[in-house]
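Each remark here refers to the structure printed beneath this line.
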Protein chains: 2
Amino acid sequence: MTESPARPTKAGGTKERILDTTAELFRRYGYTGTGLKQVVADANAPFGSLYHHFPGGKQQLGGEVIRRAGAMYYELVAGVIDAAPDIVAGIRDTFGGAAEVLRATDYVDACPIETVALEVASSNEPLRQATAEVFEQWITGAAARFEAAGIDAPAARELAVAIITLLEGAFVLARASRTTEALDAAGAVAIAAVETALRA
Amino acid sequence: MTESPARPTKAGGTKERILDTTAELFRRYGYTGTGLKQVVADANAPFGSLYHHFPGGKQQLGGEVIRRAGAMYYELVAGVIDAAPDIVAGIRDTFGGAAEVLRATDYVDACPIETVALEVASSNEPLRQATAEVFEQWITGAAARFEAAGIDAPAARELAVAIITLLEGAFVLARASRTTEALDAAGAVAIAAVETALRA
DNA sequence: GTCTATACTTTGATAGAC
DNA sequence: GTCTATCAAAGTATAGAC
């Protein structure tokens with residue numbers, strides 16, 4: 001009973017709480033749209049704590065959030081794919097599950113780093129690199145699964161890039177239109193591309 | 001010679017100059033990342049002019065820029081497609097041309113409304129609707145061309161959604177990685193999807 | 001390590017002279 | 001319709017007590 005329920009809102013230490021809160025705000029409002037005052041308010045943390053844990057300020061916090069959220073989203077999707085009986089079903093479940101989550105969260109919970117990636121692409125080189133590394137990690141992970149399904153390495157990588165491209169593009173149209181039409185269309189094309197590669 | 005070279009930087013009236021400048025800034029830095037002071041500075045316009053032409057402030061300016069830039073980009077891509085001998089070549093030219101432009105502009109000139117669309121999707125309902133209308137216009141225009149190529153209406157629309165999804169998604173990965181790999185992979189999948197639909 | 005108070009800058013927006 | 005001056009609020013960041 002030495003543990004005290006200091007922070008009612010979320011579990012974990014102050015640093016983790018700041019990271020999780022920032023990730024949530026980034027997904028909704030993007031990098032420039034998220035203020036540090038809002039971060040500490042939502043994380044129930046004192047302002048000074050932020051600069052204690054992230055002496056590099058908003059940029060350091062942003063970098064850690066991008067890598068952390070990127071890795072977590074990778075694990076999430078990889079789990080869905082690996083739970084399916086085969087790779088085609090895994091891709092189908094990925095797009096179908098993404099559509100479900102979007103509907104259930106009022107079209108908020110899409111890719112956690114996409115908005116930030118576009119915002120920083122031409123304005124913040126360190127953060128741009130962070131997003132590039134996350135996407136590269138996803139591509140490598142997806143390509144490995146396609147290779148395991150019998151597709152040769154170059155085709156597996158190209159297919160991985162195309163699938164992730166379809167998912168990211170569908171998130172843009174889905175969030176703008178508040179429909180899952182793009183995820184359905186993208187999922188169909190994705191499955192067709194995988195089946196074609198498997199036959200080759 | 002009654003015309004005086006009042007503004008050295010760009011052609012057109014003050015309002016048009018503000019619209020063009022804002023569109024350029026939105027593409028690079030997004031909506032929240034673009035300040036109105038930077039807009040008037042780059043447009044070589046006095047600050048008061050902005051609120052004279054856009055009494056609704058940043059939101060009204062944003063809405064007009066989204067619709068204007070969206071329509072211009074539509075005309076640009078439609079021109080590329082219609083200049084090609086057939087629809088497959090048109091799609092190939094679209095993805096190839098987009099890759100060329102990205103390389104030539106240091107990965108800045110991608111979709112003019114994509115960053116803004118993600119930023120406002122869950123934070124600014126009027127602007128979210130503006131982006132949704134632009135995407136819908138693109139989908140309708142692309143679907144009409146697929147129908148003209150002999151694809152039935154439902155399939156043409158689904159194909160249009162998928163192609164635009166591929167383009168938007170490729171822009172995200174391309175700008176983040178500063179490579180055109182995603183545009184190449186997306187273009188290949190896009191062409192395959194069109195060819196499949198044409199055979200059906 | 002926690003927390004408060006504050007410094008400094010930039011933001012969107014307005015008023016009013018011309 | 002142009003332009004300057006200015007406002008209140010929010011932005012990031014820092015200092016220093018505890």
Side-chain angles (χ1 to χ4, degrees), chain A residues 2-19 21-22 25-26 28-66 115-116 119-120 123-127, chain B residues 2-19 21-22 25-26 28-66 115-116 119-120 123-127:
Chain A
T2 55
E3 204 169 322
S4 66
R7 298 297 166 194
T9 43
K10 293 187 181 181
T14 302
K15 185 171 183 176
E16 277 204 338
R17 229 167 42 244
I18 291 175
L19 286 168
T21 300
T22 306
L25 291 170
F26 276 7
R28 269 177 217 254
Y29 309 113
Y31 182 74
T32 52
T34 297
L36 297 186
K37 286 180 182 176
Q38 190 182 358
V39 168
V40 296
D42 286 23
N44 219 337
F47 201 83
S49 272
L50 196 154
Y51 280 89
H52 171 73
H53 292 291
F54 307 94
K58 192 181 190 181
Q59 178 160 302
Q60 183 190 346
L61 171 61
E64 293 195 27
V65 166
I66 288 167
T115 308
V116 175
E119 285 181 284
V120 303
S123 64
N124 190 319
E125 182 58 16
L127 294 189
Chain B
T2 54
E3 204 170 323
S4 65
R7 298 296 168 193
T9 43
K10 293 187 182 180
T14 302
K15 184 171 183 177
E16 277 203 340
R17 230 169 39 245
I18 290 175
L19 285 169
T21 300
T22 306
L25 292 170
F26 275 8
R28 269 176 217 254
Y29 309 114
Y31 182 74
T32 52
T34 297
L36 296 185
K37 289 184 178 170
Q38 190 182 357
V39 168
V40 296
D42 287 21
N44 219 338
F47 199 81
S49 273
L50 197 154
Y51 279 90
H52 172 72
H53 293 292
F54 306 94
K58 191 181 190 181
Q59 178 159 300
Q60 182 189 347
L61 172 61
E64 293 195 27
V65 166
I66 288 167
T115 308
V116 175
E119 285 181 284
V120 304
S123 65
N124 189 320
E125 181 60 16
L127 293 188

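Convention: sequence-line order gives letters A, B, ...; per-chain numbering from 1.
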Legend entry - Derivation of the side chain to side chain contact (heavy atoms under 4.5 Å, CB included) call for A/Tyr51 and A/Leu36: CA-CA 10 Å; A/Tyr51 280 89; A/Leu36 297 186; 3.4 Å; yes

Inset, instruction - Give the C-alpha distance, both sets of side-chain angles, the deciding distance and a yes or no for side chain to side chain contact (heavy atoms under 4.5 Å, CB included) between B/Tyr29 and A/Glu119. - result: CA-CA 6 Å; B/Tyr29 309 114; A/Glu119 285 181 284; over 6 Å; no

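For A/Ser49, the side-chain hydrogen bond (donor to acceptor under 3.5 Å, both in side chains) test picks out no residue, with sequence neighbours left out.
Spacing between atom CG of A/Leu25 and atom C1' of D/dG11 amounts to 15 Å, rounded to whole angstrom units. For the pair A/Phe47 CZ and C/dA5 C1', the computed distance is 11 Å after rounding to whole Å. A/Arg17 has its CZ atom 14 Å from the P atom of C/dG1, to the nearest Å. The interatomic distance linking B/His52 (NE2) with C/dA17 (P) rounds to 18 Å, in whole Å. Between A/Leu50 atom CG and D/dT12 atom C1' the separation is 10 Å, expressed in whole Å.
In this model, the phosphate group of D/dC3 is not approached by any side-chain N or O of B/Ser49 to a distance below 4.0 Å at OP1 or OP2. Residue A/Thr14 places at least one side-chain N or O under 4.0 Å from the OP1 or OP2 atom of C/dT2. Between B/Tyr51 and C/dA13 there is a side-chain polar atom (N or O) within less than 4.0 angstrom of OP1 or OP2.
A pairwise comparison of heavy atoms in A/Gly30 and A/Thr115 identifies CA-CG2, 3.9 Å as the closest pair. Nearest heavy atoms, B/Thr32 versus A/Gly33: OG1-N, 3.6 Å. Closest heavy-atom contact between B/Ile18 and B/Leu50: CD1-CA, 4.0 Å.
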Under 3.5 Å, which donor-acceptor pairs link side chains of residues 53-65 of chain B to any protein atom two or more places apart or in another chain?
from    : atom 1 : to       : atom 2 : distance (Å)
B/Lys58 : NZ     : B/Tyr31  : O      : 2.9
B/Lys58 : NZ     : B/Thr34  : O      : 3.0
B/Gln59 : OE1    : B/Asn124 : ND2    : 3.0
B/Gln60 : OE1    : B/Gly56  : N      : 2.6
B/Gln60 : NE2    : B/Glu64  : OE2    : 3.1

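Contacts of residues 31-39 of chain B with DNA chain C (heavy atom under 4.0 Å): B/Thr34, B/Gly35, B/Leu36, B/Lys37. Within residues 53-64 of chain A, the residues having any heavy atom under 4.0 Å from DNA chain D are, by residue number, A/Gly57, A/Lys58.
The distance from atom CZ of A/Phe26 to atom CG of A/Leu19, rounded to the nearest 0.5 Å, is 10.0 Å.
Inter-residue side-chain proximity for B/Arg17 and B/Thr14 is flagged as met; some heavy-atom pair is nearer than 4.5 Å.
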